[in-house]
Amino acid sequence: MSEKRLLLIDGNSITYKAFFALINQVNSFVNNEGIHTNAVFGFNNMLNIMLDKFKPTNVLVAFDAGKTTFRTEMYSDYKAGRDKTPDELREQFDYVKKLLKNRGIKYYQLNNYEADDIIGTLSKEADQLGFETTIVTGDNDLTQLCSDKTTVSISNRGVSGVVRYDTDYVKETMGITPAQIIDWKALKGDSSDNYSGVTGVGDKTALKLVTQFGSVENLYEHLDEVSGKKLLEHLTEDKENAFLAKKLATINRDAPIEITVDDTVYDGDHIEDLINFYREMNFRKFLSEMSADQVETMDKVEFVELNSDNAKEIDVKDGSNVSFYLGIDGDNYHTADYIGFAMKVDEINYISRDIELLMDDNLKALLESDKISKNVFDGKRTYVGLNRLGIKLNNVDFDLLLASYLLDTNDNSYDLGKVANRHDYFDVQSDEDVYGKGAKRAIPDDDILFDHFARKVNAINSLKDKLFDELKSNDQLDLYRDVELPLSFVLARMEIAGVVINKDILISMKSKISEKLLEIKQSIYNDAGEEFNIASPKQLGEILFDKMQLPVVKKTKTGYSTAVGVLEQLAPDYPIVEKVLEYRKYSKILSTYVEGLLSDIHVDNKVHTRYLQTLTQTGRLSSVDPNLQNIPVRTEEGRKIRQAFIPSESNWQIFSSDYSQIELRVLASISGDKNMQDEFIHNDDIHASTARRIFGLSDNSEVTPEYRRQAKAVNFGIVYGISDFGLAKNTGISRNDAKEFIEKYFDEYPGVKKYMEDSVNSAREKGYVETILHRRRYLPDINAKNFNLRSFAERTAMNSPIQGSAADIIKIAMIKMEQELEKRNLKAKMLLQVHDELIFEAPSEEIEILEELVPKVMDSAVKLNVPLNVKSHYGNSWYSLK
DNA sequence: CGGTTCACG
DNA sequence: ACGTACGTGAACCGT
């Protein structure tokens, strides 16, 4: 890389691009003074990418000075007819310039000239001085400036994706030199700049002419060589136009600018001003990304290092409140090492790396006390971490992570610093900034670590009142206090309990399946005539569709699709495809479930999953390390995996209860649709009833399995926020049929139709939708101009309250269930939750009790306008539930 | 690290 | 005309 690197940015063009790339969020990017900030934000994003990639020594951003330039003198309609700049954008130009100032970047504009000319003039000087130059812009005009030393990056997708043009690239893609782009534009004109070239000459013809004649001048000297009578006529008639257009298209590389490359030296961010500016703009993202330099601008924090002596002296009165943070080095808190802890008591921050201090009587009693309340970040993590030390965390009042997630499901990072930043609290950094990331990650020395920990407990402590106020004004305090907070500890205890896995079963499955796979693999190689990686969609596609010439059913962005649906269509005619399907099925079972599960077994022969309580956008849980919410059940081969999930004691059983059609029942209840409600109240077969309605059959008539299957698909579609296209694609019926089904459905269930419309309308007005317990999901795209984004938001508006309310219901059931087990002194333990299903282990003699108790608790968890229905099963393993 | 595939509700 | 079913996690490929 050259020592001298100049970055030239077309300020107007990039600001425009940034504004329209983030147009959907224009209303969520508003600072405290009501100024829109989306273009400033997008501009800065682009800047970060270019600075990082190009590491320039010199930078200049050029702006257009005004409407009139030497080009408008030449041609008064130059750039006429352009849409007026929106007010929301106009107000941002001054802030882009402020941003540049604070980032230590020069900018320049010159009366009578466009940004292009400034860039052209400077890049010429830079070329002569031996600079390596990169020009960043949003439009293609500047590609004429490409040279050996100068490349032009054109942003396409939003502002962060760029296409890089250098001389070779221009030659390769267009077959002409960068300078000839001027001649090309002279002939074809430029509609966005509002000048025409030669009538009837577009991109293609212009390119042909330039390739043949080299320049406009040469073309007009050899008009006799032009083929085509019409074309010749047009060229002759529009000669003047062509020469004018060439002048307009030519960037002036000798503009009378008053700066030189020497004036563009880049000296880096003005940290303090930049932080203030980011705060003024509400740019939490950039603030949180700032380097350790930020620490210097933050107030100093005091802390006291704890040791075995002063730890005994901490005296906390009953009725008081402390903030506590337990540092664990990694995601998996069941096994990861401890880093240390911090505790804020009466405005004093106590810190230590010595985790054993927590096990001393004094601190242990404090954490276990039901008289002293605690504030934490991620109570579940803290509970499990302390449990490993034999400490039972008690009386948690505030969980920053949980509260933040309830306020906005997007504020769900497991990094305390990032979450605090999102609530405008900036006196704490993210772990990534303090520890580094990837291979460089390391726990720092005491002084840095203690400072960071002290800031963490400060952040927890400081945000408590603010977040409680916000929960209250959202009407979400009950959801927090009665559901999510108690649930976090129910989940902690389920995770700690774990599930016993019979290793021997998995090991024997492993050898059987491996053998089978070897067999299938050989047979596939035989059919293909060569060996290849069957697991590679690319290689498989080449074998099937190139070498063996199978008909192509569907393509993906990157090549042939080899998804199940595609292969299933081909399977009847091509034995190799059938074998590939077999291979896929067994290798999935082997790698994800047999080998995957084996590698997740702890020393106690159990798997201890982690439920992510603050991840999903709907309020559901998710499960990781291992994911126990997607253990196979639909095919017999896969289902056998469940044989390995067994009770922890002999003579115990696995017991499971699940809600039937909980989402449809929720829909019937919240939509108020009388017809659907009646069907659930009468305990009808809902899919059969739907079939009778949409196919116009008489009441109580037999419903064929095919009709029922289609009606079931429609019911699913309704819950997902239906579209005729989606339904057609998923069921294989025609789009017209799908459309008719949906119309008939809405005729028959008018309450459902109204609910769908109301959901979308309410989302448009409020910007969010909510569940029966006021769980919120914000939908910023609901008013988007982009059809795709908007449609997606609309379907989400219909689906999220349904899926989310079902999640609310089972969460309440879980809390009540744990209480009931305790109250009745049962040995039974709740182990797993799979969205609409709770799984327990219990001594055989308790099964009878559970059969009555669990459904009772589950179906009375929340009072709906329709009954809930719960079915139970039990057996010796998760496989053999009867 | 994004794309594809496939496991679940 | 646009081009989609809702919500997840893990393994693997290939850049």
Side-chain angles (χ1 to χ4, degrees), chain A residues 161 409 438 532-541 554-568 580-581 583-597 599-600 609-612 615-635 637-639 641-642 658-663 666-667 713-731 735 738 742 769 777 784-804 806-807 810 832-838:
Chain A
T409 48
F532 65 100
N533 185 349
I534 306 165
S536 160
K538 186 165 167 249
Q539 294 183 36
L540 178 64
K554 196 177 131 197
K555 287 196 151 193
T556 64
K557 275 180 240 167
T558 48
Y560 306 112
S561 169
T562 64
V564 170
V566 173
L567 297 189
E568 273 172 353
V580 169
L581 284 168
Y583 184 86
R584 282 246 181 100
K585 186 165 81 184
Y586 282 109
S587 62
K588 174 86 180 175
I589 294 170
L590 182 66
S591 66
T592 304
Y593 296 105
V594 178
E595 293 174 344
L597 269 178
S599 71
D600 284 327
T609 187
R610 278 156 36 234
Y611 289 103
L612 306 186
L615 181 132
T616 68
Q617 295 302 305
T618 54
R620 274 190 176 182
L621 302 175
S622 85
S623 157
V624 293
D625 293 342
N627 179 358
L628 295 182
Q629 292 182 317
N630 72 346
I631 302 301
V633 65
R634 292 171 192 169
T635 69
E637 295 90 334
R639 189 176 190 142
I641 292 290
R642 296 182 172 222
D658 64 286
Y659 288 109
S660 326
Q661 305 119 0
I662 187 167
E663 293 190 345
V666 165
L667 173 61
V714 176
N715 276 327
F716 266 87
I718 291 289
V719 168
Y720 292 154
I722 201 150
S723 74
D724 52 8
F725 189 96
L727 180 64
K729 194 172 149 226
N730 222 268
T731 55
R735 192 168 167 179
I742 294 167
V769 288
R777 178 173 187 178
K785 288 215 175 68
N786 179 309
F787 175 90
N788 263 333
L789 289 177
R790 190 179 64 249
S791 304
F792 184 62
E794 287 169 357
R795 291 195 297 274
T796 313
M798 301 183 236
N799 170 269
S800 285
I802 302 172
Q803 194 184 111
I810 197 166
L832 300 172
Q833 187 251 45
V834 192
H835 308 305
D836 62 358
E837 179 184 13
L838 295 178

Undergrad: Is the distance from OP1 or OP2 of C:dG14 to the nearest side-chain N or O of A:Gln539 less than 4.0 Å?
TA: yes

Undergrad: Could you please name the partner base of B:dT4, counting Watson-Crick and G-U wobble pairs only when both distances are under 3.5 Å?
TA: C:dA11

Undergrad: Report which part of the nucleic acid A:Leu621 touches: base, sugar-phosphate, or nothing (heavy-atom distance under 4.0 Å, all strands).
TA: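 The residue A:Leu621 makes no contact with any strand.
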
Undergrad: If we only count heavy atoms from C-beta on, is the A:Leu628 to A:Leu597 side-chain gap below 4.5 Å?
TA: yes

Undergrad: Do A:Leu838 and A:Tyr659 come within less than 4.5 Å of each other through their side chains, counting heavy atoms only?
TA: no

Undergrad: Between atom NZ in A:Lys538 and atom P in B:dT5, what is the gap in whole Å?
TA: 14 Å

Undergrad: Taking atom OG1 of A:Thr618 and atom CZ of A:Arg777, what is their separation to the nearest 0.5 Å?
TA: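 A:Thr618 atom OG1 to A:Arg777 atom CZ measures 7.0 Å (nearest 0.5 Å).
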
Undergrad: As a test of reading the structure: which of C:dT15, B:dA7, C:dG9 is closest to the side chain of A:Tyr593, going by heavy atoms?
TA: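 Nearest to the side-chain atoms of A:Tyr593, counting from C-beta on, is B:dA7.
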
Undergrad: So does A:Arg634 get a side-chain nitrogen or oxygen closer than 4.0 Å to the phosphate oxygens (OP1/OP2) of B:dC8?
TA: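 Yes, such a contact exists.
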
Undergrad: Suppose you measure atom C1' in B:dC6 against the same atom in C:dC2; what distance do you get, rounded to whole Å?
TA: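 Here B:dC6 and C:dC2 have their C1' atoms 30 Å from each other.
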
Undergrad: With a 4.5 Å limit on heavy-atom distance, are the side chains of A:Arg790 and A:Glu794 in contact?
TA: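 When only atoms from C-beta onward are counted, A:Glu794 and A:Arg790 do touch, with a gap below 4.5 Å.
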
Undergrad: So, does the side chain of A:Ser723 form a donor-acceptor pair with the base of C:dT4 at under 3.5 Å?
TA: yes

Undergrad: Just checking A:Ala797: base, sugar-phosphate only, or nothing, at a heavy-atom cut-off of under 4.0 Å?
TA: nothing

Undergrad: What is the distance from CZ of A:Arg584 to P of C:dC13, rounded to the nearest Å?
TA: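 Nearest whole value for this atom pair: 12 Å.
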
Undergrad: Taking the nucleotide of DNA chain C with the nearest heavy atom to each, does A:Gln803 or A:Arg735 sit closer to the 5' end?
TA: A:Arg735

Undergrad: Sort me out a list of protein N/O and nucleotides 10-12 of chain C N/O pairs below 3.5 Å, or just none if empty.
TA:
from   : atom 1 : to       : atom 2 : distance (Å)
C:dA10 : OP1    : A:Asp625 : N      : 3.0

Undergrad: Please tell me which of the listed nucleotides, C:dA5, C:dG3, B:dA7, lies nearest to the side chain of A:Lys585?
TA: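 Of all the options, the side chain of A:Lys585 is nearest to B:dA7.
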
Undergrad: Any chance you could measure A:Ile810, atom CD1, to A:Asp836, atom CG, to the nearest 0.5 Å?
TA: 6.5 Å

Undergrad: Pick base, sugar-phosphate or nothing for A:Ile631, based on heavy-atom distances below 4.0 Å to the nucleic acid.
TA: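 Counting heavy atoms under 4.0 Å across all strands, the contact made by A:Ile631 is with sugar-phosphate only.
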
Undergrad: Any side-chain heavy atom of A:Ile641 within less than 4.5 Å of one from A:Ile589?
TA: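 In contact.
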
Undergrad: Once you apply a heavy-atom cut-off of 4.0 Å, does A:Gly721 come out as touching a base, just sugar-phosphate, or nothing?
TA: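 Nothing, no nucleic acid heavy atom in range.
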
Undergrad: Under a 4.5 Å cut-off applied to non-hydrogen side-chain atoms, are A:Leu727 and A:Ile722 in contact?
TA: yes

Undergrad: What integer distance in Å separates A:Ile802:CD1 from B:dG9:C1'?
TA: 15 Å

Undergrad: Let's test your reading of the model: under 3.5 Å, does the base of C:dT8 pair with the side chain of A:Arg620 as donor and acceptor?
TA: no

Undergrad: Name the nucleic acid region contacted by A:Gln617, choosing base, sugar-phosphate or nothing; use a 4.0 angstrom heavy-atom cut-off, strictly under.
TA: sugar-phosphate

Undergrad: Of the listed nucleotides (B:dA7, C:dG7, B:dT5), which one gets closest to any side-chain atom of A:Pro632?
TA: B:dA7

Undergrad: In whole Å, what is the span from the OH atom of A:Tyr586 to the P atom of B:dC6?
TA: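 Going from A:Tyr586 (OH) to B:dC6 (P), I get 16 Å.
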
Undergrad: What is the distance, to the nearest angstrom, from the CG atom on A:Leu540 to the C1' atom on B:dC6?
TA: 15 Å

Undergrad: State whether A:Ser622 places a side-chain N or O below 4.0 Å from either non-bridging phosphate oxygen (OP1 or OP2) of C:dG9.
TA: yes

Undergrad: Looking at residues 560-568 of chain A, who's got a heavy atom less than 4.0 Å off DNA chain B?
TA: A:Ser561, A:Thr562, A:Ala563, A:Val564

Undergrad: Rounded to whole angstroms, how far apart are CG on A:Leu832 and P on B:dC8?
TA: 16 Å

Undergrad: Are side-chain heavy atoms of A:Lys538 and A:Tyr560 found at a separation under 4.5 Å?
TA: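 A side-chain contact is absent here, since even the closest heavy-atom pair is not under 4.5 Å.
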
Undergrad: Who is the Watson-Crick or G-U wobble partner of C:dA1, with both distances under 3.5 Å?
TA: none

Undergrad: Do A:Tyr720 and A:Met798 have side-chain heavy atoms sitting under 4.5 Å apart?
TA: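 Result no, sub-4.5 Å side-chain heavy-atom pair not found.
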
Undergrad: Give me the distance, rounded to whole Å, that separates B:dT4 from C:dT4 when you measure between the P atoms they each carry.
TA: 12 Å

Undergrad: Does A:Phe532, at its CZ atom, have more than 12 non-hydrogen atoms belonging to other residues, nucleotides or ligands within less than 6.0 Å?
TA: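 Atom CZ in A:Phe532 is crowded, with more than 12 foreign heavy atoms closer than 6.0 Å.
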
Undergrad: Mind checking if A:Asn730 touches a base, just sugar-phosphate, or nothing, with heavy atoms under 4.0 Å?
TA: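 Touches a base.
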
Undergrad: Base, sugar-phosphate, or nothing for A:Phe792, non-hydrogen atoms under 4.0 angstrom?
TA: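 Counting heavy atoms under 4.0 Å across all strands, the contact made by A:Phe792 is with sugar-phosphate only.
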
Undergrad: Do we count A:Tyr720 as stacking onto C:dC6 if the rule is ring centres under 5.5 Å and planes under 30°?
TA: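 Yes; centroid distance and tilt both under limits.
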
Undergrad: With a 4.0 Å limit, can you tell me whether A:Arg795 has a side-chain N or O closer than that to the phosphate oxygens OP1/OP2 of C:dA5?
TA: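 So the side chain of A:Arg795 is outside the cut-off, no N or O lying under 4.0 Å from OP1 or OP2 of C:dA5.
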
Undergrad: Name the nucleic acid region contacted by A:Val719, choosing base, sugar-phosphate or nothing; use a 4.0 angstrom heavy-atom cut-off, strictly under.
TA: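 Nothing, no heavy atom under 4.0 Å.
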
Undergrad: Which listed nucleotide (C:dG9, B:dT4, C:dC2) is nearest to the side chain of A:Leu612?
TA: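 Nearest nucleotide to the side chain: C:dG9.
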
Undergrad: So that I can tick it off, tell me whether A:Glu637 and A:Arg642 are bridged by a salt bridge, with the cut-off set at under 4.0 angstrom between side-chain N and carboxylate O.
TA: no

Undergrad: In whole angstrom, what separates A:Leu597's CG from C:dG9's C1'?
TA: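 Atom CG in A:Leu597 sits about 13 Å away from atom C1' in C:dG9.
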
Undergrad: When the distance from CD of A:Glu637 to P of B:dC6 is rounded to whole Å, what number comes out?
TA: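 Rounded to the whole Å, the gap is 15 Å.
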
Undergrad: Within a strict 4.5 Å, meaning less than it, do heavy atoms of the A:Asn715 and A:Gln661 side chains meet?
TA: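 When only atoms from C-beta onward are counted, A:Gln661 and A:Asn715 do not touch, as no gap falls below 4.5 Å.
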
